[in-house]
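Indexing begins at 1, ligand by ligand and atom by atom, following the structure's order. In this chain, residues are counted from 1 in sequence order. Everything numeric in this text was worked out from a predicted model, so none of it was measured.
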Amino acid sequence: MEVLHVDAVFAALDYLHWSCLSDYFPCLRGWDVDGKEKVIKAADETIKRYQNPIIEERIRQWRSGERKEMEDLVDVFITLKDELINQPDLMAKATNEIDKVVGKDKRLVQESDIERLNYVKACAREAFRLHPLAPFNAPRVATQDTIVGGYFIPKCSHALLSRYGLGRNPKVWVDPLKFDPERHLRDGSDVEVALTEHDLRFISFSTGRRGCLATVLGTCMTTILLARLLQCFAWTPPENAKTVDLAEAEDHLSLATPLMALPRMRLAPHLYPGN
Ligand code: HEM
């Protein structure tokens, strides 16, 4: 069932940005002229069959008082960690910053440290720029004729922003394919690095009325997760490999080959939850 679920999620993601004839001619809805409705319906049913019982069980646990603490959410920062594995000097800079701010072997990174973890946040910004989760933002429909960035957008047209294209635009970013967190740090300034990017030079939380409602929570989750991955473990490529293969798959932005990396504990054992 889990394999079916993952396949269904990827099918749904693949189709997210496809245009469908019935979006433009609603009278065709149900006829499935281009065959996409059938694929999406099947994926949707599989996703619900897998996820709904989990969600319902969670709701039951909260209502009955059995569950009292928040758990899970997030994964993703895998690609970011891999970029750092391939450039040990950058990883050392991030780890040193964490050790300096938190102190070695004292405690784990916590929310109050975030404002002083500028290099870690610059790494996260760089990952948002270079490795967007999805190729496009959610589609928008123009409610009136308008001009954006010099382009005329007629009323009713559907507009998609390329997250991939923005982050790698050579007119905006010097050496755009290089993973270089320093580009987000202002020389000699201790201005706090933010993960938000309101000028849309790349998309992290987007901006405006429909931008992410949880930029503070998202920043907190991202920074703490990455900082703890680096604080708790020294990461190296797998045996027999010099680097982690970061090549993207041909038809989506995930890694072409599964991630393999070796973690080694770098803190005193009592600091790891469960010990
Ligand atoms: C690293 C974490 C996160 C990132 C990078 C992120 C990014 C985004 C992006 C790019 C959008 C679309 C904005 C647009 O289309 O213009 C969005 C929408 C949204 N996000 Fe997040 N998000 C994150 C975490 C969260 C969390 C934790 C929550 C809730 C607890 C959340 C709630 C929302 C909501 C409600 C919207 C829809 C806003 C609307 O359509 O009006 N996000 N997010």
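We find that Glu192 and Lys121 are joined by a salt bridge, their nearest charged nitrogen and carboxylate oxygen being less than 4.0 Å apart.
Within 6.0 Å of the OH atom in Tyr151, the count of heavy atoms belonging to other residues, nucleotides or ligands does not exceed 12.
Evaluated by nearest non-hydrogen atom to atom 18 (C) of ligand 1, the leading choice among Cys212, Pro132, Ser204 is Cys212.
Of all the atoms in ligand 1, the ones that sit under 4.0 Å from a non-hydrogen atom of Phe128 are 5 (C). Residue contact check: Met221 has heavy atoms under 4.0 Å from atoms 27 (C) of ligand 1. Close approach to Gly218 involves these atoms of ligand 1, each under 4.0 Å from a residue heavy atom: 1 (C), 2 (C). Shown in contact with Thr222 at under 4.0 Å from a heavy atom are these atoms of ligand 1, numbered in order with element: 1 (C).
The distance between the ring centers of Tyr272 and Phe233 falls below 6.0 angstrom.
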Inset, instruction - Under the side chain to side chain donor-acceptor pair (under 3.5 Å) rule, what do His131 and Glu126 come out as? Steps first, then yes or no, please. - result: CA-CA 8 Å; His131 299 294; Glu126 187 64 343; over 6 Å; no

Inset, instruction - Go through the steps for Val172 and Phe202 under the test side-chain contact (heavy atoms from CB on, under 4.5 Å), then give the verdict. - result: CA-CA 10 Å; Val172 173; Phe202 65 90; over 6 Å; no

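For the pair Arg210 and ligand 1, the shortest N or O to N or O distance falls below 3.5 Å. Residue contacts with ligand 1: Arg140 is placed with a nitrogen or oxygen under 3.5 Å of a nitrogen or oxygen of the ligand (distance criterion only).
Using a 4.0 Å cutoff on heavy atoms, Leu217 counts as a contact of ligand 1.
Cation-pi geometry between Arg129 and Trp173 is met: the NZ or CZ atom falls under 6.0 Å from the ring centre, inside 45° of the normal.
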